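Here the structure is laid out as structure tokens; the discussion comes afterwards.
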Amino acid sequence: MSIKQDLLQLLKPYFLINILLSFSYIILKKIPGVCNYLFNSDSCEFEGRETEILFFLLIVVVIRTRKSGSVSMISYLSSSFLYTKIANLILWFNADYLYGIIFGILFILGALLIPEPTYAGPDKVIYFRGEQGLSEELVSSKATWLIAFYTAWNPVCVSFAPIYAKLSCDYGLENLKFGKIDIGRYPEAGKKYQVSDSSFSKQLPTIILFEGGKEVLRRPTFDAKGKLVKFFFSEENTSLAFGLSNLYEKAKQSNKGVNNGKKDN
């Protein structure tokens, strides 16, 4: 996404509310008058324990967002909201149990009523409903398939959605197709293709390239020792890793050959 698109995303209710919740304690703690009333204190400075919690939060957010492979401002925010809100919950409970309960209720209501917005722009992606439909299509189709295994709740999957949609528009052809399957809803697909849908999974999303119904390449993948190799899901990285430009040219030439054959007949 461009910076302009990121800023437009921030205007959506999900981001506005989560940003307010994430910075609620810091903002209210630093406003003179409001701070004195809420915290019954003459000083609007952070105490030692508050500083420790905020510093620890900063470390956790940096580590977790780096591990998640976030590559944009929106990705970083989406990945960090859970940790920042939990830290605020601790801070509000530390200040007053009533404040903590009120914040906890707002936390839960926000998660239930205002989910993270999903991508709704143009794409050439086919969504599969179940492992059987996917497997049958891979076996019967003569096309090369790029399949994204994802879950709706994973921040990296959500951030990657517009990138994957753009790649499908740029490279999608009759014999080079892009598909997706939600392994949160269809866990049997995750089991068959060995993609974990656990909340602690580092495999989300997983992109697999299929040719002739057989897996050719996947990202992220495992090394010789069985350790997952980190992969950053940017547009450039994904295009290079799967050689999409070469696949596109190959598919285009194949289409020309088919069309020429039809004309000769």
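Just the heavy atoms: all of them, side chains too, but no hydrogens, waters or symmetry mates, feed the values below. Computed from a predicted model, the values in this text were never measured in an experiment.
In this structure, Ile27 is not a member of the same hydrophobic cluster as Leu16, with clusters built from ILVMFWY side-chain heavy atoms closer than 4.5 Å. Under a hydrophobic clustering in which Ile, Leu, Val, Met, Phe, Trp and Tyr are joined whenever their side-chain heavy atoms come within less than 4.5 Å, directly or via other members, Leu112 and Val158 fall into different clusters. When the side chains of ILVMFWY residues are joined at heavy-atom separations under 4.5 Å, either directly or via intervening members, Ile163 and Leu240 end up in two distinct hydrophobic clusters. Under a hydrophobic clustering in which Ile, Leu, Val, Met, Phe, Trp and Tyr are joined whenever their side-chain heavy atoms come within less than 4.5 Å, directly or via other members, Leu38 and Phe23 fall into the same cluster. Val229 and Leu209 fall into different hydrophobic clusters, defined by Ile, Leu, Val, Met, Phe, Trp and Tyr side-chain heavy atoms under 4.5 Å apart, directly or through other members.
Side-chain atoms of Ser201 come within 3.5 Å of backbone atoms of Ser196 as a donor-acceptor pair (strictly under, hydrogens ignored). In terms of modelled atom types and a separation under 3.5 Å, the side chain of Asp197 and the main chain of Gly184 share no donor-acceptor contact.
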Arg219 and Thr238: CA distance, side-chain angles, deciding distance, side-chain contact (heavy atoms from CB on, under 4.5 Å) verdict: CA-CA 8 Å; Arg219 290 291 185 274; Thr238 305; over 6 Å; no
Residue pair Cys44, Asn36: steps toward the side-chain contact (heavy atoms from CB on, under 4.5 Å) verdict: CA-CA 7 Å; Cys44 288; Asn36 306 127; 3.8 Å; yes
Intermediate values then yes/no, salt bridge (charged side-chain N to carboxylate O under 4.0 Å, His left out), Glu45 and Lys29: CA-CA 7 Å; Glu45 298 300 322; Lys29 182 72 176 182; over 6 Å; no
Verdict with supporting geometry, Glu131 and Ser135, side chain to side chain donor-acceptor pair (under 3.5 Å): CA-CA 6 Å; Glu131 177 272 324; Ser135 298; 2.6 Å; yes
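Taking the six-membered ring wherever Trp is involved, the centroid distance between the rings of Phe128 and Trp145 falls below 6.0 Å. Aromatic pair Phe39/Tyr25: ring centres closer than 6.0 Å.
No more than 12 heavy-atom neighbours from other residues, nucleotides or ligands sit within 6.0 angstrom of CG on Asn40. Counting heavy-atom neighbours within 6.0 Å of Glu47 CD, excluding the residue itself, gives a total of 12 or less. Residue Phe222 qualifies as enclosed at atom CZ: its count of foreign heavy atoms under 6.0 Å is above 12.
Both tests do not hold together for Lys124 against Tyr171: distance to the six-membered ring centre under 6.0 Å, angle to the ring axis within 45°.
There is no side-chain donor-acceptor pair under 3.5 Å between Lys142 and Asn175.
Under the 4.5 Å side-chain criterion, counting only non-hydrogen atoms from C-beta, Leu91 is not in contact with Phe103.
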